Peer 1: 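This is the structure I have questions about; it appears just below.
All ligand and atom numbering here is 1-based and tracks the order in the structure. Here the structure is a predicted model, which is why all the values come from computation and not from measurement.
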Amino acid sequence: MRIVALAGGIGGARFLRGLREAIGPEDEITVIGNTGDDIHLYGLKVCPDLDTVMYTLGGGIHEEQGWGRADETWSIKAEMKEYGVGPEWFGLGDRDFATHLVRSQMLTAGYTLSQVTEALCVRWQPGVRLLPMSDDRVETHVRITDEAGTRAVHFQEYWVRLHAAVDAEAIIPVGADTAKPAPGVLEAIAAADVILFPPSNPVVSIGTILAVPGIRAAIAAASAPVVGLSPIIGGAPVRGMADKVLAAVGVEATAEAVALDYGGRAALRSSTGEDGGGRREGLLDGWLVDTADEAAVAAVEAGGIACRAVPLLMTDVAATAEMARAALALAEQVRA
Ligand code: GDP
Ligand code: CA
């Protein structure tokens, strides 16, 4: 079985660790990773979501934190501070720096981000094929208004420095409109037997991947069933700022609203078989909500998406593997 999963950082990475447990030795996972969180710091290219997936699956993640390296030290950051060079709000540890140095050195030498990611994975052996969504530069910006006025800030500044304390007014994946899917991305989607949306952020993780021209249409047209898992439980994100960025795109922070915003593929197939007259293609065949959101099942199914309520808290790898099995089982049920 060829499984394709879209992934952001923590939510995606933790789910993938469970998925890897849940599959057989012959099955293959291709991960299409979000690069809209990427940021250039100190002349280095930092890819937080790709690295979170790579470190989590490769056994190098700081478990409690969910990002960055285990057993990290902070000498470089302290030295930079002595020089008065920031930003102080972004945490790059010494071990993590090495990853960004290798990546930046290879990019400067002319390798693509896909090639660099593959090279970094030789060390980490994540057990999945990790593809960036695009080799082109995409950076998510957030429009905010505060005492400094209305302006766009980098997504990292919104989340890490401002802690998403101000409302997000708009989410702009800068560069996405002209980005091309990375080599292998569209091919993997077309060849997939199952496509999964882990419980990653629907706007700034999955949404950014879908904003790369061609990816959304490829998923809508794929022969494989598409099943997603809700990152929203009981009307709130399990962690992070999904509620803030969902509000910015006019979607309620509920398990059903997120599913209906992705849209059901069935409704579209049964209408025209085309793109429904210019409206956004629906993506989902199936959706898992947490048992706390049992009441959402009917509304999701009314939207043409098969829906089941199962425990969706990734408390450990075993519980997460159960979630992955439920997603794969639902994919089999909806397979046309
Ligand atoms: P990020 O890039 O690090 O923000 O990570 P992702 O976009 O991949 O995932 C973030 C999402 O994961 C958030 O919206 C959380 O609500 C969701 N999440 C985190 N832990 C869990 C969990 O245990 N269960 C579920 N269902 N969602 C979770
Ligand atoms: Ca992220």
Side-chain angles (χ1 to χ4, degrees), residues 5-19 31-39 46-57 61-68 90-91 130 132-133 138-142 154-160 163-164 168 171 173 196-210 227-249 251 253-255 257-259 261-262 287-293 296 308-324 326-327:
L6 275 45
I10 302 179
R14 290 196 173 156
F15 175 76
L16 290 166
R17 201 158 52 174
L19 177 63
V31 177
I32 301 171
N34 173 40
T35 56
D37 292 13
D38 293 7
I39 185 165
V46 180
C47 301
D49 284 0
L50 293 180
D51 289 349
T52 294
V53 169
M54 193 172 74
Y55 295 157
T56 301
L57 296 179
I61 197 78
H62 185 302
E63 275 299 329
E64 295 71 37
Q65 204 167 253
W67 56 270
F90 203 81
L130 177 59
M133 65 189 197
V138 177
E139 278 183 18
T140 301
H141 283 65
V142 181
H154 190 289
F155 170 73
Q156 296 297 348
E157 185 172 358
Y158 179 69
W159 174 225
V160 182
H163 307 291
I171 311 295
L196 298 177
F197 291 5
S200 282
N201 189 305
V203 182
V204 292
S205 292
I206 309 259
T208 309
I209 300 170
L210 296 172
V227 172
L229 299 93
S230 180
I232 305 292
I233 298 182
V238 178
R239 61 185 284 172
M241 50 27 234
D243 48 343
K244 291 280 191 174
V245 291
L246 280 166
V249 297
V251 177
T254 63
V258 170
D261 185 56
Y262 281 135
W287 184 245
L288 295 180
V289 300
D290 187 74
T291 44
D293 295 313
R308 306 283 181 271
V310 298
L312 286 190
L313 277 179
M314 300 190 282
T315 43
D316 55 29
V317 177
T320 312
E322 259 327 291
M323 287 165 51

Peer 1: With a 4.0 Å cut-off on heavy atoms, is Gly240 touching ligand 1?
Peer 2: no

Peer 1: Using a 4.0 Å heavy-atom threshold (strictly under), name the region of Ser230 that reaches ligand 1: side chain, backbone, both or neither.
Peer 2: backbone

Peer 1: How far is atom 2 (O) of ligand 1 from its nearest protein heavy atom, and which residue and atom name does that atom have?
Peer 2: Gly9 N, 2.8 Å

Peer 1: Protein N/O/S atoms under 3.0 Å from the Ca ion (ligand 2): how many?
Peer 2: 3

Peer 1: How far is atom 5 (O) of ligand 1 from its nearest protein heavy atom, and which residue and atom name does that atom have?
Peer 2: Ile10 N, 3.0 Å

Peer 1: Atom CG of Leu16 and atom OG1 of Thr320: how far apart are they, to the nearest 0.5 Å?
Peer 2: 10.5 Å

Peer 1: Would you say Leu313 contacts ligand 1, with heavy atoms under 4.0 Å as the rule?
Peer 2: yes

Peer 1: In the structure I gave you, are the side-chain heavy atoms of Leu6 and Ser200 within less than 4.5 Å of one another anywhere?
Peer 2: no

Peer 1: What protein heavy atom lies closest to atom 7 (O) of ligand 1? Include the residue and the distance to one decimal.
Peer 2: Ser205 OG, 2.6 Å

Peer 1: Which residue owns the protein heavy atom closest to atom 20 (N) of ligand 1, what's the atom, and how far is it?
Peer 2: Val238 CG1, 3.6 Å

Peer 1: Which heavy atom of the protein is the closest neighbour of atom 24 (N) of ligand 1, given with residue, atom name and distance?
Peer 2: Leu312 O, 2.6 Å

Peer 1: Provide, to 0.1 Å, the distance between atom 4 (O) of ligand 1 and the closest protein heavy atom, together with that atom's residue and name.
Peer 2: Met241 CE, 4.5 Å

Peer 1: Assess Asp49 for proximity to ligand 1: is some non-hydrogen atom of it under 4.0 Å away?
Peer 2: yes

Peer 1: Please report the interatomic distance CE(Met323) to CG(Leu19), rounded to the nearest 0.5 Å.
Peer 2: 10.5 Å

Peer 1: Which protein non-hydrogen atom lies closest to atom 17 (C) of ligand 1, naming both residue and atom, and how far is it?
Peer 2: Pro199 O, 3.2 Å

Peer 1: Before signing off on this row, confirm whether Ile233 and ligand 1 have an N or O atom pair separated by under 3.5 Å.
Peer 2: no

Peer 1: Decide side-chain contact (heavy atoms from CB on, under 4.5 Å) for Tyr262 and Leu210; before the verdict, give the C-alpha distance in whole Å, the side-chain angles of both, and the deciding distance to 0.1 Å.
Peer 2: CA-CA 10 Å; Tyr262 281 135; Leu210 296 172; 4.1 Å; yes

Peer 1: Starting from atom 19 (C) of ligand 1, what is the nearest protein heavy atom, named by residue and atom, and what distance separates them?
Peer 2: Arg239 CG, 3.7 Å

Peer 1: So is there a nitrogen or oxygen of Met314 less than 3.5 Å from a nitrogen or oxygen in ligand 1?
Peer 2: yes

Peer 1: Drop me the distance from Tyr158's OH to Ile171's CD1, to the nearest 0.5 angstrom.
Peer 2: 7.0 Å

Peer 1: At a 4.0 Å threshold, what atoms of ligand 1 neighbour a non-hydrogen atom of Asn201?
Peer 2: 6 (P), 7 (O), 9 (O), 10 (C), 11 (C)

Peer 1: Rounded to the nearest 0.5 Å, what's the gap from CG on Asp243 to CE on Met241? Could you check?
Peer 2: 9.0 Å

